[in-house]
*Asks:* 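Here's a structure for you.
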Amino acid sequence: MQSIYEKYQLKHVINASGRMTMLGVSTPAPDVVERVAYGLTNYFEIKDLVNKTGEFIAQLLDIEDAVVVSCASAGIAQAVAAVIVKDDEDLLLNLHSSDKPVPREIILPKGHNVNFGAPVDTMVTLGGGKVIEAGFANECSAAQLAAKITPQTAAILYIKSHHTVQKSMLTVSDAVSVAREHQLPLIVDAAAEEDLTTYYRAGADLVIYSGAKAIEGPTSGLVLGKKTYVEWVKRQSLGIGRAMKVGKEGILGLTLAIEHYLTATKETGAEMANRMDKFVCDLNTIPAISAQIVWDAAGRDIARTEISFDEKQIGKTTYQIMSELKQGDTAIYFREYKANEGKAEVDVRSVSNEQLDVISERIRLLVKGM
Ligand SMILES: *Cc1c(COP(=O)(O)O)cnc(C)c1O
């Protein structure tokens, strides 16, 4: 059989960049794939499916309630809509056009107003909210967050992510205290985070995860939290939620992926570092290249290889090198956040040892031509 890659003339990819939407995020385990197929080939009473898988996930995690959504971005938009609309029938059906005087402001630390691949602000606006930034680009304290609260405030939003400014930021617990003190809900976007209960237990009312990132489910998202809030999120399926509908296959696939995720022994950072030992040594034998193990900036248990390119000696910028590695039959993708500093990072979570050899060989060839 002609492969899909041939049929549509697609490039093979070595994904050394981590969980990237641009490359398809992750590859679920075979039984999750099977469960997705089961979902696709059977009918269900969808409301029942949503409620009962939500209850199942809630029991697994020992939390109040949960709902599977189409992705984390949809989770943010629907969580915002949920805290604005609550159980108002008219607002549900007229979210953007209604001039009913309900609070719509969503306060978040300025350093959390990031572009994760799409802007946080866009998702909040989609949900009928208005972003109010607290603090400064490089700093936000509990007091600075609280200072922005007015009668127009609908919720506080906290983005727990490597994309955000990390220094001089209040913690999730600090945000919980501010929210509690002012009787406001706290929404935490933990899309790429690995712990499914920490922020809930810290006191967040709604916590959002991306289904295909750490959990390695199908394209989907998870919103969990306090029962009333999760109910309000579910109601959005009759409002903006319809434009971000999750299918029965996604609901069943993610529910199984979560079950696995809680028991699976995943590769630890130390194991990743171990696996990269030879790779780092290989790279360090290449002229104008130096490599070392670095740890995830957001504190997750992930080790990566940081490669530094001597741009002068090679005669190319790191951006040009990254671009050349994407040419040919197999495209190699690194984490490029530090390319402006002459550095690239290799994330091995989706890379086999054979592929690591391919990567160092391709870099060797590229530098040879300098
Ligand atoms: C990936 C990510 C999202 C979006 O997740 P999707 O499931 O792709 O919509 C939102 N917020 C943060 C912080 C992310 O890392």
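Computed from a prediction, not measured in an experiment: that's the story for all the values here. Counting convention: from 1, in listed order, for ligands and their atoms alike. Numbering of residues begins at 1 and proceeds along the displayed sequence. Because only heavy atoms are used, hydrogens play no part in the values below, and waters and symmetry mates are left out as well, while side chains stay in.
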*Asks:* With a cut-off of 4.0 Å, which atoms of ligand 1 are near a heavy atom of T21?
*Replies:* 8 (O)

*Asks:* Decide, yes or no, whether a salt bridge links K278 with D282 under the criterion of side-chain N to carboxylate O below 4.0 Å.
*Replies:* yes

*Asks:* What residues join V294 in its hydrophobic cluster, counting side-chain heavy atom gaps under 4.5 Å, either direct or through other members?
*Replies:* none

*Asks:* Starting from atom 7 (O) of ligand 1, locate the nearest protein heavy atom and write down its residue, its atom name and how far away it is, to 0.1 Å.
*Replies:* S210 OG, 2.5 Å

*Asks:* So, T268 side chain and E271 main chain: donor-acceptor pair closer than 3.5 Å or not?
*Replies:* yes

*Asks:* With respect to atom 14 (C) of ligand 1, which of K213, H112, M244, H163 exhibits the smallest heavy-atom separation?
*Replies:* K213

*Asks:* Where the side chain of T255 meets the backbone of I251, is there a donor-acceptor pair that is under 3.5 Å apart?
*Replies:* yes

*Asks:* List the closest protein heavy-atom neighbour of atom 11 (N) of ligand 1: residue, atom name, distance to the nearest 0.1 Å.
*Replies:* D189 OD2, 2.6 Å

*Asks:* T318 versus E336: any side-chain heavy-atom pair under 4.5 Å?
*Replies:* no

*Asks:* Is it the side chain (CB and beyond), the backbone, both or neither of C71 that lies under 4.0 Å from ligand 1, heavy atoms counted?
*Replies:* both

*Asks:* To check your reading of the model: name the closest protein heavy atom to atom 5 (O) of ligand 1, its residue, and the distance in Å.
*Replies:* A72 CB, 3.2 Å

*Asks:* Same hydrophobic cluster for Y158 and I63, using side-chain heavy-atom links shorter than 4.5 Å among ILVMFWY?
*Replies:* yes

*Asks:* With heavy atoms of S161 as the reference, note each atom of ligand 1 found under 4.0 Å away.
*Replies:* 13 (C)

*Asks:* Answer with side chain, backbone, both or neither: which part of S73 has a heavy atom less than 4.0 angstrom from an atom of ligand 1?
*Replies:* both

